[in-house]
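Before any comments, here is the structure.
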Amino acid sequence: MTVTIHPSAIVDPAATLGEGVSVGPFCVVGPNVELGDRVRLVSHVAVDGRTRIGAETVIYPFASIGHRPQDLKFHGEPSELVIGARNQIREHVTMNPGTEGGGMLTTVGDDGLFMMGSHVAHDCVVGNNVILANNATLGGHVTLGDYVIIGGLSAVRQFVRIGAHAMIGGMSGVENDVIPFGLVMGDRARLAGLNLVGLERRGFKKDDIHALRAAYRMLFGPEGTLAERVEGVGRDFGDRALIGDVLDFIRAKEGSLCQPREG
């Protein structure tokens, strides 16, 4: 398949372009950029740095991909941004490479939708099938599991982990780790239950969902300490894979846990 480059675009000769790549009007592609097969830059897209973009990803006008991180500690180290396949990266999205303080790498998985104005900061690890709605913002070093949805105008603080299949309501400020399958919302976000709609849409069995709800009630009930409740849930639901994912996430103890609002 032929590579198509609009006459107004500027593509460095050292850039690597796969088969069927399309670079639209007024795009700028830097020398260390690799565009996979059938990647499409619609128009006015700027891609720079050590950036690799997977096959069939489409990037819309005025997105800024791979430019210098918004981190005052960054001093030009040769860090990278790696974006997977079949992503939809909409207008004005920004994605930054890693830094020396975070492993030198920002990664974005496959099949994501990054809506207008959303931001993936340095050293983030973003899973597959993730959705960031309009103007959702990830601080540096954030980790998102697969199928996470971040609502519009929400912000996730640096180093926060959000487990797979969790949903963040719009206009939320997330300061603490969110368990897999969790649903959180609020100005200073609190856990508001499980993402039951998402679980049903993705075909999880009803008995697994019921068990997950029962485990959730135990985990965040009033009795005992969190450590004691985790032990009890593990004892009562140890054979349930979904609940095991939640318990593994909590046991990792990488940050404070987002919990339900008291009262």
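All values below come from the heavy atoms of this structure, side chains included, with hydrogens, waters and symmetry mates left out.
For the atom pair OG1 (T94) and CD1 (I89), the distance works out to 10.5 Å, reported to the nearest 0.5 Å. Note that CG of D123 is 9.5 Å distant from CG of N96, once rounded to the nearest 0.5 Å. Of the inter-residue distances, the one linking N87 atom CG with N128 atom CG reads 8.5 Å to the nearest 0.5 angstrom. Between I162 atom CD1 and I168 atom CD1 the span is 4.0 Å, to the nearest 0.5 Å. Here CG of D208 is found 8.0 Å from CD1 of I243. Values are rounded to the nearest 0.5 Å. E231 contributes atom CD, which lies 11.5 Å from atom CG of L226 (distance to the nearest 0.5 angstrom).
Taking each heavy atom of V130 and G127 in turn, the nearest pair found is CG2-O, 3.6 Å. Smallest separation of non-hydrogen atoms from A189 and C258: O-SG, 3.4 Å. Listed here is the closest heavy atom pair of P97 and S79: CB-OG, 3.8 Å. Between S172 and M185, the closest heavy-atom pair is OG-CA, 3.2 Å. When all heavy atoms of G139 and C124 are compared, the closest pair comes out as O-SG, 3.1 Å.
Proximity of a side-chain donor or acceptor of D48 to a complementary backbone N or O of H67 within less than 3.5 Å is not detected. Judged by distance alone, with hydrogens and angles left aside, the side-chain atoms of S154 form a donor-acceptor pair with the main-chain N or O of M171 at under 3.5 Å. A donor-acceptor contact shorter than 3.5 Å is absent between the side chain of T137 and the backbone of A155. T2 places no side-chain N or O within 3.5 Å of a backbone atom of G20 that could act as its donor or acceptor partner. Using modelled atom types, one side-chain atom of E228 and one backbone atom of T225 make a donor-acceptor pair closer than 3.5 Å. The backbone N or O of F74 lies less than 3.5 Å from a partner atom in the side chain of R68, making a donor-acceptor pair. A distance-only check finds a donor-acceptor pair linking the side chain of R229 to the backbone of E223 [under 3.5 Å]. Y216 places no side-chain N or O within 3.5 Å of a backbone atom of L194 that could act as its donor or acceptor partner.
Side-chain heavy atoms closer than 4.5 Å link hydrophobic residues (I, L, V, M, F, W, Y) into clusters, and following such links, possibly through other members, connects I209 to L242. In the hydrophobic cluster analysis, where Ile, Leu, Val, Met, Phe, Trp and Tyr join through side-chain heavy atoms closer than 4.5 angstrom, L212 is grouped together with L196. Each of L132 and Y60 belongs to its own hydrophobic cluster when Ile, Leu, Val, Met, Phe, Trp and Tyr are linked at side-chain heavy-atom distances under 4.5 angstrom. Both L183 and I131 are members of a single hydrophobic cluster when ILVMFWY side chains are connected at heavy-atom separations under 4.5 Å. In this structure, I250 is a member of the same hydrophobic cluster as F237, with clusters built from ILVMFWY side-chain heavy atoms closer than 4.5 Å.
E175 and R188 are joined by a salt bridge, as a carboxylate oxygen and a charged side-chain nitrogen come within less than 4.0 angstrom of each other. Ion pairing between E80 and R52 holds under the 4.0 Å rule for side-chain N and carboxylate O. Using a cutoff of 4.0 Å between basic side-chain nitrogens and carboxylate oxygens, R86 and E56 are not scored as salt-bridged. Comment: D207 engages R240 in a salt bridge, judged by a side-chain N to carboxylate O separation of less than 4.0 angstrom.
Shown here is R40, whose CZ atom has no more than 12 heavy atoms of other residues, nucleotides or ligands within 6.0 Å. Under a cut-off of 6.0 angstrom, the local environment of CZ in R157 is crowded, with over 12 non-hydrogen atoms contributed by other residues, nucleotides or ligands. The number of heavy-atom neighbours closer than 6.0 Å to CZ of R202, taken from other residues, nucleotides and ligands shown, is above 12.
Residues L138 and L144 are in side-chain contact: their nearest non-hydrogen atoms beyond the backbone lie under 4.5 Å apart. Side-chain contact between H6 and C27 is absent, with no heavy-atom pair separated by less than 4.5 Å. Under the 4.5 Å side-chain criterion, counting only non-hydrogen atoms from C-beta, F220 is in contact with Q259.
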Working for side chain to side chain contact (heavy atoms under 4.5 Å, CB included), residues M95 and V108: CA-CA 9 Å; M95 295 183 177; V108 174; 4.1 Å; yes
Derivation and outcome, side chain to side chain contact (heavy atoms under 4.5 Å, CB included), residues F26 and V45: CA-CA 7 Å; F26 303 105; V45 176; over 6 Å; no
Verdict with supporting geometry, E19 and R38, side chain to side chain contact (heavy atoms under 4.5 Å, CB included): CA-CA 6 Å; E19 294 184 0; R38 297 175 298 285; 5.5 Å; no
Verdict with supporting geometry, L219 and L247, side chain to side chain contact (heavy atoms under 4.5 Å, CB included): CA-CA 9 Å; L219 281 170; L247 296 179; 4.0 Å; yes
Test side chain to side chain donor-acceptor pair (under 3.5 Å) applied to H122 and T106, step by step: CA-CA 6 Å; H122 59 89; T106 301; over 6 Å; no
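Figure legend: cation-pi geometry between R161 and F249, with NZ or CZ positioned under 6.0 Å from the six-membered ring centre and within 45° of its axis.
The aromatic rings of F204 and F181 sit perpendicular to each other, their planes meeting at more than 60°, with 30° as the lower class boundary. Classification of the H141-F159 ring pair by plane angle, with boundaries at 30° and 60°, yields parallel.
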